[in-house]
Amino acid sequence: QREELFKLAYLGQSFVNVVELIASFKIEELNDFKFVEGIDFSFVKGKRFRITCNRIGGHDFSANDVEREIGRYIKGGDVDLENPQVVIYVYLYNEMCYLGVDYNNFDLSKRDYNVHPHSKSIKGTVAYAMLMIGGYEKGKTLLDPFCLSGTIAIEASFYSTKFAINY
């Protein structure tokens with residue numbers, strides 16, 4: 001299963017992160033994170049890690065509070081905010097909390113070909129999504145009259161050749 005996640009992250013053009021879900025639970029207050037105590041974090045042992053939290057909804061606590069609280073339950077690893085080997089990802093959506101591991105440890109939406117992005121350029125993930133919405137297929141003619149930095153054409157060529165964006 002993990003190998004499939006790695007392959008998805010390697011070949012996918014529309015992702016920012018690919019995260020393996022390790023737990024989900026309801027959350028109302030910061031004390032509810034005691035649930036995390038029962039999770040096996042042995043995969044962090046001897047590694048540098050960071051916890052990243054994104055929140056949507058009204059909560060009486062901040063993302064930083066969540067990161068600190070969950071960090072209390074992780075033993076055997078060293079916190080490294082700049083260069084972690086493992087990123088533990090926490091996504092709070094209203095009263096639900098999803099806890100996962102981002103093995104890639106980098107933003108999958110970044111593109112190496114976009115060395116000097118123009119302020120009006122679109123992100124590669126958006127360009128790819130536009131191609132899919134527009135029904136682009138390999139071998140079809142592509143016309144982009146508002147080309148600017150060529151992001152849509154470049155994403156189309158990656159898609160057509162099945163060459164991995166993150167090669």
Side-chain angles (χ1 to χ4, degrees), residues 1-114 117 121-133 151-152 154-155 158-159 162-167:
Q1 177 188 4
R2 242 181 230 150
E3 294 224 357
E4 292 297 316
L5 286 175
F6 297 147
K7 186 176 180 181
L8 183 67
Y10 183 70
L11 296 174
Q13 284 182 254
S14 60
F15 308 121
V16 174
N17 302 87
V18 174
V19 178
E20 179 184 9
L21 183 68
I22 57 175
S24 63
F25 49 93
K26 284 196 178 251
I27 191 89
E28 291 179 13
E29 57 187 40
L30 204 54
N31 265 354
D32 293 340
F33 283 100
K34 287 185 281 187
F35 176 88
V36 174
E37 192 170 22
I39 297 174
D40 179 15
F41 287 106
S42 61
F43 59 89
V44 176
K45 189 172 184 170
K47 295 184 179 164
R48 298 180 316 276
F49 73 93
R50 176 182 75 219
I51 301 169
T52 299
C53 177
N54 284 337
R55 291 181 321 120
I56 295 177
H59 303 98
D60 293 333
F61 46 83
S62 71
N64 287 339
D65 294 335
V66 172
E67 293 164 2
R68 268 192 304 277
E69 186 64 23
I70 291 178
R72 292 177 4 156
Y73 298 102
I74 299 174
K75 308 292 183 225
D78 295 319
V79 175
D80 186 341
L81 302 179
E82 298 300 318
N83 192 25
Q85 294 169 292
V86 178
V87 176
I88 297 169
Y89 191 81
V90 183
Y91 179 67
L92 293 174
Y93 184 76
N94 294 324
E95 75 281 348
M96 284 302 296
C97 177
Y98 302 94
L99 190 67
V101 181
D102 181 359
Y103 293 104
N104 302 308
N105 193 20
F106 64 92
D107 183 350
L108 296 172
S109 69
K110 292 197 188 266
R111 302 295 197 247
D112 288 340
Y113 65 76
N114 205 358
S121 294
I122 60 175
K123 289 187 71 131
T125 50
V126 174
Y128 174 77
M130 291 170 64
L131 287 166
M132 296 301 100
I133 290 168
T151 306
I152 293 174
I154 294 169
E155 291 294 322
F158 273 109
Y159 174 74
K162 297 196 182 322
F163 191 82
I165 285 286
N166 297 302
Y167 177 72

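The first residue of the sequence shown is numbered 1, and numbering continues consecutively from there. Side-chain atoms are counted along with the backbone in the values below, which use heavy atoms only and exclude waters and symmetry mates.
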Residue list, ring-ring contact (aromatic ring centres under 6.0 Å, His included) with Phe35, at least two apart or on another chain
Phe25
According to side-chain contact (heavy atoms from CB on, under 4.5 Å), who are the partners of Ser14, at least two apart in sequence or on a separate chain?
Tyr128
How long is the straight-line distance from CD of Gln13 back to CZ of Phe158, given to the nearest 0.5 Å?
7.5 Å
So, using salt bridge (charged side-chain N to carboxylate O under 4.0 Å, His left out) as the criterion, who are the partners of Arg111 when residues are at least two apart?
Glu155
Answer yes or no: does atom OH of Tyr93 have more than 12 heavy-atom neighbours from other residues, nucleotides or ligands under 6.0 Å?
no
Got more than 12 heavy atoms from elsewhere within 6.0 Å of CG, Asn64?
yes
What is the minimum heavy-atom distance between Asn94 and Gly57, and which atoms define it?
OD1-CA, 3.4 Å
Kindly write out the residues that satisfy ring-ring contact (aromatic ring centres under 6.0 Å, His included) with Phe6, not counting sequence neighbours, or none if the list is empty.
Tyr103
The reported gap from CD1 in Ile88 to CD1 in Ile74 (rounded to nearest 0.5 angstrom) is 3.0 Å
Set out, in order, the CA-CA distance, both residues' side-chain angles and the distance that settles side chain to side chain contact (heavy atoms under 4.5 Å, CB included) for Ile152 and Ile122, then state yes or no.
CA-CA 8 Å; Ile152 293 174; Ile122 60 175; 3.8 Å; yes
When you look at CD of Glu29, are more than 12 heavy atoms from neighbouring residues, nucleotides or ligands closer to it than 6.0 Å?
yes
Salt bridge (charged side-chain N to carboxylate O under 4.0 Å, His left out) against Lys75, all qualifying residues, sequence neighbours excluded
none
So, the side chain of Glu67 versus the backbone of Cys53: is there a donor-acceptor pair under 3.5 Å, distance only?
yes
Side chain to side chain donor-acceptor pair (under 3.5 Å) pairs, two or more places apart, involving residues 30-39
none
side-chain contact (heavy atoms from CB on, under 4.5 Å) partners of Ile22, counting only residues at least two apart:
Ile39, Phe41, Phe43, Leu99, Val101
Could I get the full list of salt bridge (charged side-chain N to carboxylate O under 4.0 Å, His left out) partners for Glu69, not counting sequence neighbours?
Arg72
Shortest non-hydrogen contact from Gly124 to Tyr113?
CA-OH, 3.9 Å
For Thr151 and Ala127 the tightest heavy-atom approach is CG2-CB, 3.7 Å
Kindly compute the distance separating CZ (Phe61) from CZ (Arg55), expressed to the nearest 0.5 Å.
7.0 Å
With rounding to the nearest 0.5 angstrom, report the CG to CG distance, Asn17 to Asp102.
4.5 Å
Holding to side-chain contact (heavy atoms from CB on, under 4.5 Å), I want the full list of residues that pass it with Lys26, two or more places apart in sequence or in another chain.
Glu95, Met96
In short, Phe49 meets Gly77 closest at the heavy-atom pair CE2-C, 3.7 Å
side-chain hydrogen bond (donor to acceptor under 3.5 Å, both in side chains) partners of Ser62, counting only residues at least two apart:
Asp65
Shortest non-hydrogen pair, Tyr98 vs Ser24, comes out as CD2-CB, 3.6 Å
How would you list all residue pairs meeting side chain to side chain donor-acceptor pair (under 3.5 Å) that involve residues 77-90, not counting sequence neighbours?
Arg48-Asp80, Asn54-Tyr89
Partner residues of Tyr91 under the ring-ring contact (aromatic ring centres under 6.0 Å, His included) criterion, sequence neighbours left out:
none
